[in-house]
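Note that the numbering runs from 1 along the sequence shown for the chain. Values reported hereafter were calculated over all heavy atoms of this structure, with side chains retained and with hydrogens, waters and symmetry mates removed.
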Amino acid sequence: QVQLVESGGGLVQAGGSLRLSCAASGIPFSINAIGWYRQAPGKQRELVAAINIGGNTNYADSVKGRFTISRDNAKNTVYLQMNSLKPEDTALYYCNAGTWYGGNYYHSRDYWGQGTQVTVSS
């Protein structure tokens, strides 16, 4: 059974930092990448960053230079280091286990965590 458990969210002032963690277990062989998504109230869910088994990454333009995704394969954990946070980064952050193909991340419909709330105050 696939489990994705996020942690590390919280309340931070603008300009501050947070590190989110996504602990994965039971990942099937077909999954070769993890993505972090976020959804703010009244907005669509968007891909923030993704990383594949080989360490290749991609980022949304809105977070480039501020967020860094990384993985610890020994711990089956993917991290999202978020620096220089802005109020517009406020959202529920989810991780997803998906696939990487042609330099792009494709989410799976079935493998989502429960999310961790990030709130950035101005």
Minimum heavy-atom separation for Thr99 to Asn32, with atom names?
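Heavy atoms only, the tightest pair is CA-OD1, 3.0 Å.
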Where Leu80 and Ala49 come nearest, the two heavy atoms and their spacing
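Where Leu80 meets Ala49 most closely, the heavy atoms are CD1-CB, 4.0 Å.
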If you apply the rule side chain to side chain contact (heavy atoms under 4.5 Å, CB included), what do you find for Asn83 with Thr68, and how did you get there?
CA-CA 8 Å; Asn83 299 329; Thr68 303; 5.6 Å; no
Do Asn76 and Ile27 touch side chain to side chain, with heavy atoms closer than 4.5 Å?
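Side-chain contact under 4.5 Å: no.
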Glu88 versus Val120: any side-chain heavy-atom pair under 4.5 Å?
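The answer is no, as the side chains (C-beta and beyond) never meet within the 4.5 Å cut-off.
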Walk me through whether Ile51 and Trp100 qualify under side chain to side chain contact (heavy atoms under 4.5 Å, CB included).
CA-CA 8 Å; Ile51 187 168; Trp100 185 282; 5.7 Å; no
Under a 3.5 Å distance rule, please check whether Thr77 uses its side chain to pair with a backbone N or O of Ala23 as donor and acceptor.
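Not confirmed, Thr77 side chain does not pair with Ala23 backbone.
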Counting only heavy atoms not in Gln114 (residues, nucleotides, ligands), do more than 12 fall under 6.0 Å from its CD?
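No - once you tally the heavy atoms of other residues, nucleotides and ligands closer than 6.0 Å, there are 12 at most.
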Can you tell me if OH on Tyr101 sees more than 12 non-hydrogen neighbours from other groups inside 6.0 Å?
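No, not enclosed.
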Could you go through the side chain to side chain contact (heavy atoms under 4.5 Å, CB included) check for Ser62 and Arg38 one step at a time?
CA-CA 12 Å; Ser62 58; Arg38 67 185 180 187; 3.4 Å; yes
Charged N to carboxylate O under 4.0 angstrom, Asp89 versus Lys86?
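Here Asp89 does not pair with Lys86 in a salt bridge, since their nearest N and O are not under 4.0 Å apart.
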Under the rule for ring-ring contact (aromatic ring centres under 6.0 Å, His included), what residues qualify as partners of Trp112, not counting sequence neighbours?
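Testing Trp112 for ring-ring contact (aromatic ring centres under 6.0 Å, His included), a comparison that skips the adjacent residues, returns Tyr37, His107.
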Assess whether side chain to side chain contact (heavy atoms under 4.5 Å, CB included) is satisfied between Val2 and Asp110, documenting all intermediate values.
CA-CA 9 Å; Val2 175; Asp110 298 328; over 6 Å; no
Starting from Phe67, can I reach Ile34 by hopping between I/L/V/M/F/W/Y residues whose side chains sit under 4.5 Å apart?
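Both belong to a single hydrophobic cluster.
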By side-chain hydrogen bond (donor to acceptor under 3.5 Å, both in side chains) - contacts of Asn58 (at least two apart)
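If we apply the side-chain hydrogen bond (donor to acceptor under 3.5 Å, both in side chains) test to Asn58, skipping adjacent residues, there are no hits.
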